[in-house]
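A short worksheet on the structure shown next.
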Amino acid sequence: MTTPSSAEVTELRDLCIEIAREAGSYAHGERRSLGSGRRMVHDTKSSDVDPVTEFDKATEVLVVERIRAARPDDSIVGEEGADHQGTSGFEWHVDPIDGTVNYVYDLPGWCTSIGVVHDGGPVAGAVYAPTVDEVYGAGLGLGATINGAPLAVSDVTDMSTSLAATGFSYHRDEHRVAQAERVARVLPNVRDIRRQGSAALDLAYVASGRVDSYFEEFINSWDVVAGVLLVTEAGGVVTAFDGAPLDVTEPHGLVAAGASLHPQILRSISHI
């Protein structure tokens with residue numbers, strides 16, 4: 001399989017940004033139309049605490065339509081059920097509203113995340129946070145940006161003064177028990193831990209230096225494809241929990257941080 005050219009990567013990155021902006025703006029407008037603070041009606045999916053709204057589904061439809069119109073031969077995988085098999089070798093991973101709980105509760109920590117995989121690795125992606133009008137974009141070999149300005153991961157080297165981010169599974173059984181044990185292990189060794197509620201934003205915050213590291217397990221490709229590329233293009237390191245290269249199409253769990261901090265976080269969580 002041929003490696004995509006710089007021109008094609010640029011085109012893909014710009015398309016990711018364009019579609020993420022459009023989709024996120026649509027979802028944001030629908031949420032605002034309900035009025036500030038009003039709880040949104042929703043269904044559930046993977047568990048009784050995992051919400052999905054009509055706007056998750058409608059936003060994914062919008063994204064899929066835009067991708068199919070621009071690149072009909074590409075594959076598409078979406079959180080809300082999109083599953084189109086293409087022939088081009090490019091595969092889009094779409095989370096129309098990452099952080100749906102925040103969206104339902106009218107909290108600002110949600111985004112639209114769109115990433116493209118080629119030959120098993122991410123090559124382009126965008127994360128758009130409509131509530132603050134920030135769009136993160138990245139292309140393989142092109143660097144990472146926020147609203148067009150270049151990004152770089154933090155230069156923190158001491159885990160004890162680092163700010164970590166993590167997230168929790170919507171399965172309240174052994175998944176959350178394992179995650180609670182891991183947080184208890186890490187918390188005494190860092191400045192503090194943040195739980196934003198959106199894996200894509202957590203990775204974008206690592207890329208921008210707003211947090212120093214991020215670790216989470218029981219995640220999906222659409223949560224992380226764009227964000228992983230943001231971190232690596234911003235100079236960071238992303239691996240699986242065992243330190244092995246991360247398969248973004250089946251991520252399970254990941255650790256993201258700057259090069260000096262990453263092995264410290266990895267050692268801390270691996271002792272659970």
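What's counted below: heavy atoms across the whole structure, side chains too, no hydrogens, waters or symmetry copies.
- Atom CZ of residue Arg185 and atom OG of residue Ser268 lie 5.5 Å apart, to the nearest 0.5 angstrom.
- Residue Thr157 comes nearest to Ser260 through the heavy atom pair CG2-CB, 3.7 Å, listed as atom of the first residue, atom of the second, then distance.
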Please report the C-alpha distance between Asp158 and Arg191 in whole Å, then the side-chain angles of each, then the deciding distance to 0.1 Å, and finally whether the salt bridge (charged side-chain N to carboxylate O under 4.0 Å, His left out) criterion is met. CA-CA 10 Å; Asp158 184 350; Arg191 185 188 300 275; over 6 Å; no

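- A heavy-atom distance below 4.5 Å is not found between the side chains of His252 and Glu217.
- At a cut-off of 3.5 Å, with distance as the only test, a side-chain donor of His262 or Thr239 sits close to an acceptor on the other residue.
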Could you walk me through whether Thr166 and Val183 pass the side-chain contact (heavy atoms from CB on, under 4.5 Å) test, one step at a time? CA-CA 8 Å; Thr166 193; Val183 167; 4.1 Å; yes

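- Judged by distance alone, the side chain of Glu79 and the main-chain N or O of Pro96 form no donor-acceptor pair under 3.5 Å.
- Checked by atom type and distance alone, the side chain of Asp98 pairs as donor or acceptor with a backbone atom of Ala200 at under 3.5 Å.
- Residues Val61 and Glu65 are in side-chain contact: their nearest non-hydrogen atoms beyond the backbone lie under 4.5 Å apart.
- Side-chain contact annotation: Ser221 with His93, donor-acceptor N/O pair under 3.5 Å present.
- When every heavy atom of Ala23 is checked against every heavy atom of Val63, the shortest pair comes out as CB-CG2, 3.5 Å.
- Hydrophobic cluster membership differs between Val225 and Val116, with clusters built from Ile, Leu, Val, Met, Phe, Trp and Tyr side chains linked at under 4.5 angstrom.
- Closest of all the heavy-atom pairs between Asn102 and Gly197 is ND2-CA, 4.0 Å.
- Atom CG of Leu254 is separated from atom CD1 of Ile219 by 4.0 Å, given to the nearest 0.5 angstrom.
- Using a 4.0 Å cut-off between charged side-chain N and carboxylate O, Arg194 and Asp212 make no salt bridge.
- Proximity of a side-chain donor or acceptor of Glu60 to a complementary backbone N or O of Gly81 within less than 3.5 Å is detected.
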Would you please test Arg182 and Phe215 for side-chain contact (heavy atoms from CB on, under 4.5 Å) and show each step? CA-CA 10 Å; Arg182 183 165 288 108; Phe215 61 93; 4.0 Å; yes

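- With hydrogens and angles disregarded, a donor-acceptor distance shorter than 3.5 Å links the side chain of Arg176 to the backbone of Ser169.
- Cation-pi geometry between Arg195 and Phe168 is not met: the NZ or CZ atom fails to fall both under 6.0 Å from the ring centre and inside 45° of the normal.
- Counting heavy atoms from C-beta on, the side chains of Tyr205 and Val153 never come closer than 4.5 Å.
- A donor-acceptor pair under 3.5 Å is absent between the side-chain atoms of Ser208 and the main chain of Leu151, judged by distance alone.
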side-chain contact (heavy atoms from CB on, under 4.5 Å) between Glu91 and His118, intermediate numbers included: CA-CA 7 Å; Glu91 185 171 79; His118 181 271; over 6 Å; no

Run the numbers on Ile269 and Phe241 for side-chain contact (heavy atoms from CB on, under 4.5 Å), then give the verdict. CA-CA 8 Å; Ile269 70 167; Phe241 268 31; 3.9 Å; yes

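- No side-chain heavy atom of Leu203 sits less than 4.5 Å from a side-chain heavy atom of Asp223.
- Judged by distance alone, the side chain of Asn147 and the main-chain N or O of Val135 form a donor-acceptor pair under 3.5 Å.
- The shortest side-chain heavy-atom distance between Thr10 and Leu142 falls under the 4.5 Å cut-off.
- In this structure, Phe90 and Val117 have side chains that are not in contact, with every pair of non-hydrogen atoms separated by 4.5 Å or more.
- Linking ILVMFWY residues whenever their side-chain heavy atoms come closer than 4.5 Å, directly or via other members, places Leu266 and Leu261 in the same cluster.
- Between Tyr26 and Phe55, the two ring planes are perpendicular [angle over 60°; tilted spans 30° to 60°].
- Residues Glu80 and Val64 fail the side-chain proximity criterion, which asks for heavy atoms closer than 4.5 Å.
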Give the C-alpha distance, both sets of side-chain angles, the deciding distance and a yes or no for side chain to side chain donor-acceptor pair (under 3.5 Å) between Asp74 and Ser88. CA-CA 5 Å; Asp74 293 356; Ser88 68; 2.5 Å; yes

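- By the criterion of side-chain heavy atoms lying less than 4.5 angstrom apart, applied directly or through intervening Ile, Leu, Val, Met, Phe, Trp or Tyr residues, Tyr136 is grouped together with Val228 in one hydrophobic cluster.
- In the hydrophobic clustering of this structure, Tyr214 does not group with Val255; members are Ile, Leu, Val, Met, Phe, Trp, Tyr whose side-chain heavy atoms approach within less than 4.5 Å, directly or through other members.
- The main-chain N or O of Trp222 is never found under 3.5 Å from a side-chain atom of Asn220 such that the two would form a donor-acceptor pair.
- In terms of the side chain to side chain donor-acceptor pair (under 3.5 Å) criterion, Thr145 has no residue partners (sequence neighbours excluded).
- Atom CD1 of Ile114 is separated from atom CG of Asp95 by 9.5 Å, given to the nearest 0.5 angstrom.
- In this structure, Thr53 contributes its side chain and Asp56 its backbone to a donor-acceptor pair below 3.5 Å.
- Val127 and Ser113 make their closest contact through CG2-OG, 3.9 Å (heavy atoms, listed as atom of the first residue, atom of the second, distance).
- The line from CD of Glu54 to OG1 of Thr59 is 10.0 Å long, rounded to the nearest 0.5 Å.
- In this structure, the side chain of Ser75 engages the main chain of Gly86 through a donor-acceptor pair within 3.5 Å.
- Nearest heavy-atom pair across Ala234 and Ala207 is CB-O, 3.4 Å.
- To the nearest 0.5 angstrom, Gln196 atom CD is 11.0 Å from Cys111 atom SG.
- Other residues sharing a hydrophobic cluster with Val177 under the 4.5 Å side-chain heavy-atom criterion for ILVMFWY residues do not exist; the residue is a singleton.
- Residue Trp110 forms a side chain to side chain contact (heavy atoms under 4.5 Å, CB included) with just one option from Thr131, Thr100, Val104, and that option is Thr131.
- With Glu233 contributing its side chain and Gly143 its backbone, the two residues share a donor-acceptor pair below 3.5 Å.
- To the nearest 0.5 angstrom, Asn189 atom CG is 8.5 Å from Ser160 atom OG.
- For Arg210 and Glu134, the salt-bridge test passes: some basic side-chain N is under 4.0 Å from an acidic carboxylate O.
- Looking at Asp133 and Arg21, a side-chain N of the basic residue comes within less than 4.0 Å of a carboxylate O on the acidic one, giving a salt bridge.
- Electrostatic pairing of Arg71 and Glu8 counts as a salt bridge here, judged by a charged N lying under 4.0 Å from a carboxylate O.
- In terms of heavy atoms, Gly109 sits closest to Leu201 at C-CD1, 3.7 Å.
- Using a 4.5 Å cut-off between side-chain heavy atoms of Ile, Leu, Val, Met, Phe, Trp and Tyr, with links allowed through other members, Ile19 and Val123 fall into the same hydrophobic cluster.
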